[in-house]
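Notes follow the structure.
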Amino acid sequence: MGFLNFLKPKNKPKKGPREDLPEEVKRVVDILTQVKDPETGLDIVEEGLLYGLTVEGKSVDVFLLMARSTPECHACQMLALTVQRKILSEIVSVLKSDGFERVRVYNELGLLLAEG
């Protein structure tokens, strides 16, 4: 047993939604794995952009961490905004096609980014 063994994680985190989440929230998380970040090819759940959901019947509010995906470079920000718009559009599209009637997507500040 090494001196710094206490720093090693005891359990690996599981992929996918937590098991204690309501079924409708798990379902939305699963649906959102279809949305890929065009820059990385990772889905938004795996990438850590999704940080919250509220599901009420056929309505869903999605909360994203978008600030860290916006670089400081002004030329890069234009590209980042284009990528963000694509991600937002896909979120609304996949949720609407799965039967949700109202979809709202917010950033970490609570600002509405997309609605459908």
Side-chain angles (χ1 to χ4, degrees):
M1 179 173 256
F3 174 67
L4 297 177
N5 278 347
F6 70 94
L7 294 175
K8 293 181 183 177
K10 296 194 186 325
N11 299 318
K12 279 188 163 183
K14 294 181 182 179
K15 286 195 170 212
R18 291 181 1 209
E19 292 178 17
D20 61 340
L21 293 174
E23 286 304 315
E24 64 271 11
V25 173
K26 286 184 193 177
R27 179 174 155 246
V28 172
V29 172
D30 286 338
I31 294 166
L32 291 176
T33 61
Q34 299 172 39
V35 179
K36 307 289 184 199
D37 179 335
E39 289 182 323
T40 64
L42 298 172
D43 69 71
I44 63 169
V45 176
E46 184 179 5
E47 193 170 40
L49 295 180
L50 176 67
Y51 83 91
L53 288 171
T54 302
V55 182
E56 293 179 6
K58 296 282 184 185
S59 177
V60 62
D61 293 339
V62 179
F63 298 89
L64 301 176
L65 292 169
M66 297 299 277
R68 67 189 181 117
S69 63
T70 306
E72 294 300 319
C73 158
H74 293 294
C76 299
Q77 284 180 348
M78 292 306 288
L79 178 62
L81 290 175
T82 303
V83 169
Q84 287 180 15
R85 282 191 194 109
K86 181 166 177 37
I87 290 170
L88 295 171
S89 155
E90 284 188 37
I91 289 170
V92 172
S93 176
V94 298
L95 290 171
K96 295 283 274 188
S97 69
D98 208 82
F100 286 95
E101 295 171 2
R102 183 175 185 194
V103 178
R104 292 179 295 196
V105 185
Y106 298 90
N107 68 6
E108 59 275 13
L109 300 176
L111 298 173
L112 182 63
L113 300 176
E115 187 171 22

Problem set entry | Side-chain (E101) to main-chain (S59) donor-acceptor, under 3.5 angstrom | no
Exercise. Which heavy atom in L65 sits nearest to a heavy atom in G48, and how many Å separate them?
Worked result: CD1-O, 3.7 Å
Problem set entry | Note, L32 side chain near L53 side chain (heavy atom, < 4.5 Å) | yes
Problem set entry | Reported CG-to-NZ distance for the pair L21 and K26, which is rounded to 0.5 angstrom | 6.5 Å
For this session: For a side-chain contact (heavy atoms from CB on, under 4.5 Å) with V103, tell me which candidate from V60, V28, D98 qualifies.
Result: V60
Problem set entry | Heavy-atom side-chain contact between E108 and M66 under 4.5 Å | yes
Seminar exercise, completed: Sorted by chain and number, sequence neighbours left out, side-chain contact (heavy atoms from CB on, under 4.5 Å) with S89 holds for none
Exercise. Take atom NZ in K96; do more than 12 heavy atoms of anything else shown fall under 6.0 Å from it?
Worked result: yes
Exercise. Which residues satisfy the side-chain contact (heavy atoms from CB on, under 4.5 Å) test with D43, sequence neighbours excluded?
Worked result: T33, K36, V45, E46
For this session: Could you check if a side-chain atom of N107 sits within less than 4.5 angstrom of a side-chain atom of L64, using non-hydrogen atoms only?
Result: no
Exercise. Would L111 and F63 show up in the same hydrophobic cluster when neighbours are defined by side-chain heavy atoms closer than 4.5 Å?
Worked result: no
Problem set entry | Heavy-atom pair with the smallest gap, counting every atom of I87 and P38 | CG1-CD, 4.0 Å
Exercise. What closest approach, in Å, do S97 and V94 show between heavy atoms, and which atom pair accounts for it?
Worked result: OG-O, 3.0 Å
For this session: State the CG-CD1 distance between L88 and I44, to the nearest 0.5 angstrom.
Result: 9.0 Å
Exercise. How many angstroms lie between NZ in K86 and CG in D37, if you round to the nearest 0.5 Å?
Worked result: 10.0 Å
Exercise. Do L95 and V62 touch side chain to side chain, with heavy atoms closer than 4.5 Å?
Worked result: yes
Problem set entry | Sidechain N-carboxylate O distance under 4.0 Å for E24, R27 | no
Problem set entry | Spacing of L113 atom CG and I91 atom CD1 [to the nearest 0.5 Å] | 9.0 Å
